[in-house]
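Everything on this sheet refers to the single structure shown next.
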Number of protein chains: 2
Amino acid sequence: MSTPERLIEATRELLWERGYVGTSPKAIQQAAGAGQGSMYHHFTGKPDLALAAIRRTAEEMRAAAEAVLEGGTSAYARIEAYLRRERDVLRGCPVGRLTMDPDVMGSPELRAPVHETLDRLRGRLAGIVQEGLDRGELTGPLDPAALAATIVATVQGGYVLARSSGSPEAFDTAVDGLLMLLSAHKGPSS
Amino acid sequence: MSTPERLIEATRELLWERGYVGTSPKAIQQAAGAGQGSMYHHFTGKPDLALAAIRRTAEEMRAAAEAVLEGGTSAYARIEAYLRRERDVLRGCPVGRLTMDPDVMGSPELRAPVHETLDRLRGRLAGIVQEGLDRGELTGPLDPAALAATIVATVQGGYVLARSSGSPEAFDTAVDGLLMLLSAHKGPSS
DNA sequence: GTCTATAGCCAGATAGAC
DNA sequence: GTCTATCTGGCTATAGAC
């Protein structure tokens, strides 16, 4: 792997683990096995490197979501697949985590990928819910946009509960609760 | 207000705004209008001060939740009151936020109040759901513990969505979605 | 491209005067 | 109880040699 590549990957890991504020250039260099001069040769500084890392993480998360949301199954099945998809629960969401970082939220550039990723995810889920209603896989009354927000919020909040309790179980319990509520809306053609 | 008091309050604000990692003793002193010597006279250091601040914040959050959860209304009404209670949405949850802080989660002492607060909240909500089922205010199938986790997760995740989009609206939308799902379980005596 | 040297500033804390 | 002085070390970056 090239040096810039290693630097980006190291930054991604550290951003996930410690956030922007808690991640120092020095720590990045050590994790990447690169010297200071090397890092500043390839990137203008910490914000520049973080931007590259965040963009890649956001892109990866979008792809992972899409992989599980596409496909020919029912709306309910796709939502369940998204909710139950394998996750590194105790590490939290590498994108959602950044919303609690004041320096990230204070920078329009760093913030944009975070905002976009979560926003598109909500939109994608809303579309699936709408599809489900149209096809009779789900029965109303159900507001697609609201349900989509609740789904994403349950996941993001599930991470909080899991980290708080130190066990992934809390995440699963929150997901179970949501699916329990949603299953009451399963339609005949599902 | 006494100096220790001002130091604790300043720490609470900064912890909320910037997290543990992003909060320096110097910033605390300036916000509290106290000198270094003064701070180290009253507290042994940053962890000690943070502990006092976190404990107080946790206590305050428990009280705020209890204030809205107690009372003689129906289970559904109490859950809705909790979800719609006024919040400083864009600032996020002062307790939940700490779960993303590696230094807080790495310290058993700092972590305990966070864990306990979120845990008790879940237990309290589960009790209310159970009560609602018993009284016929809610109709099953409904797993109290799972629903309680979903409620807390929706709130915690709602903060993430709101901060990501820069608007409190996303929080409200997630809450609306959850109440929409839950309202399908409103019982006859409600 | 990568290295070492250097710099100014901040973090976190201690010591001792007042 | 509060103040100033001081300390060690880390952060973030620049300069210039190799």
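Lettering follows sequence order; numbering is per chain, from 1.
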Nt span of DNA chain D in reach of chain A heavy atoms at under 4.0 Å, 5' end first, is D:dC11 to D:dT14
Would you say A:Arg18 and A:Thr23 are linked by a side-chain donor-acceptor pair, where the criterion is simply a distance under 3.5 Å? no
Rounded to the nearest angstrom, tell me the gap between atom CG in B:Leu14 and atom P in C:dA11. 11 Å
Closest-nucleotide 5' rank along DNA chain D - winner of A:Thr23 and A:Gly37: A:Thr23
Within 45 degrees of the axis of the six-membered ring of B:Tyr82 and under 6.0 Å from its centre: does B:Arg87 put its NZ or CZ there? yes
Given atom NE2 of B:His41 and atom C1' of C:dA15, what is their separation to the nearest angstrom? 15 Å
Expressed in angstrom and rounded to an integer, what is the separation of A:Gln36 atom CD from C:dA5 atom C1'? 10 Å
B:His42 or A:Ala27, whichever maps to the more 5' nucleotide of DNA chain D: B:His42
Rounded to whole angstroms, how far apart are CD on B:Gln29 and C1' on C:dA11? 11 Å
Rounded to whole Å, the OH-P distance (A:Tyr40 to C:dT6) equals 18 Å
Before you tell me yes or no, could you show the steps for A:His185 and A:Tyr76 under side-chain contact (heavy atoms from CB on, under 4.5 Å), namely the whole-Å CA-CA distance, both residues' side-chain angles and the distance that decides it to 0.1 Å? CA-CA 9 Å; A:His185 293 265; A:Tyr76 182 91; over 6 Å; no
Around atom CD of A:Glu66, are there more than 12 heavy atoms from other residues, nucleotides or ligands closer than 6.0 Å? yes
Which residue, B:His41, B:Glu9, B:His42, forms the side-chain contact (heavy atoms from CB on, under 4.5 Å) with B:Pro4? B:His42
Is B:Glu131 close to B:Glu137 at the side-chain level, that is, under 4.5 Å between some pair of heavy atoms? no
Whole-Å distance, B:Lys46 NZ to C:dA11 P, equals 9 Å
